[in-house]
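As structure tokens, the structure follows; a few thoughts come after it.
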Amino acid sequence: GRNITYLVALVVLAGSLILLYYQKPPNSTSEVIGVYEAMVLLGIGGTILYVTSLSMVADLIGFTVGSSAFVYGVMSFADKLFNGLAVQIAQALHPCTDARQNCGTYYRQLLVFVPAGAALVALVSLILLALLVTTKKHCREKKTDCSVMNPSVQDSESEPLLS
């Protein structure tokens, strides 16, 4: 389901970042195509991650739809706020003082390492979520009392992730 889709998106994103990192400055039109290929993969991976994240948020909201507009509003606001902060930090750390300087290395590293860090955080989150679901299933099957989990909820794609 969603976890596999999320993992596939992370792999596509990692592939695009590897292509970008090893991309040499283009000397001809044919060498520019590699940048476009990497950007297409980056767009595909990022879009799949974003849409899958939205569906996971919907699962976390579950049946308490009264607060769902607030949750999506906060998520959208946080997305815009952190993107704006990232742009401001990137501009503040800009090493070039003269317009004639070549700052390609700075931007390449920025374009590779920032999404790579976000993808690493996403991978760790996915692993923790999978461990939580696995532990929840184990508690339900063994009929043991797990203090932080509600063993009465059945796991399925239509049920909330956390209950």
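Note that this is a predicted model, so its numbers are computed, not measured. As a basis for the values below, the full set of heavy atoms in this structure was taken, side chains included, without hydrogen atoms, waters or symmetry mates.
- To the nearest 0.5 Å, the span separating OG on Ser53 from CG on Leu126 amounts to 9.5 Å.
- Connection of Leu131 to Tyr6 is established within a shared hydrophobic cluster, with ILVMFWY side chains joined at heavy-atom distances below 4.5 Å, either directly or through further cluster members.
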Test side chain to side chain contact (heavy atoms under 4.5 Å, CB included) applied to Leu10 and Leu49, step by step: CA-CA 7 Å; Leu10 287 172; Leu49 284 175; 3.9 Å; yes

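- In this structure, the side chains of Ile48 and Val8 stay at 4.5 Å or more apart for every pair of heavy atoms.
- Side-chain atoms of Arg108 come within 3.5 Å of backbone N or O of Gln23 as a donor-acceptor pair.
- Among Leu13, Leu19, Leu17, the single residue meeting the side chain to side chain contact (heavy atoms under 4.5 Å, CB included) criterion with Leu41 is Leu19.
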Side chain to side chain contact (heavy atoms under 4.5 Å, CB included) evaluation trace for Leu93 with Gln88: CA-CA 9 Å; Leu93 297 176; Gln88 290 298 318; over 6 Å; no

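- Hydrophobic cluster membership differs between Leu20 and Leu110, with clusters built from Ile, Leu, Val, Met, Phe, Trp and Tyr side chains linked at under 4.5 angstrom.
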Step-by-step side chain to side chain contact (heavy atoms under 4.5 Å, CB included) determination, Met56 to Asn3: CA-CA 9 Å; Met56 287 179 172; Asn3 292 347; 3.4 Å; yes

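- No donor-acceptor pair under 3.5 Å is formed between the side chain of Asp79 and the backbone N or O of Met75.
- To the nearest 0.5 Å, the span separating OH on Tyr106 from CG on Leu111 amounts to 11.5 Å.
- Judged by distance alone, with hydrogens and angles left aside, the side-chain atoms of Ser55 form a donor-acceptor pair with the main-chain N or O of Thr52 at under 3.5 Å.
- Taking the six-membered ring where the residue is Trp, Tyr107 and His94 present tilted rings, their angle falling between 30° and 60°.
- The cluster map of Ile, Leu, Val, Met, Phe, Trp and Tyr, joined by side-chain heavy atoms under 4.5 Å apart, puts Leu42 and Ile18 in the same cluster.
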Step-by-step side chain to side chain contact (heavy atoms under 4.5 Å, CB included) determination, Leu54 to Tyr72: CA-CA 9 Å; Leu54 285 175; Tyr72 283 114; 4.1 Å; yes

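- One finds the CG atom of Leu7 at 15.0 Å from the CZ atom of Arg2 (value rounded to the nearest 0.5 Å).
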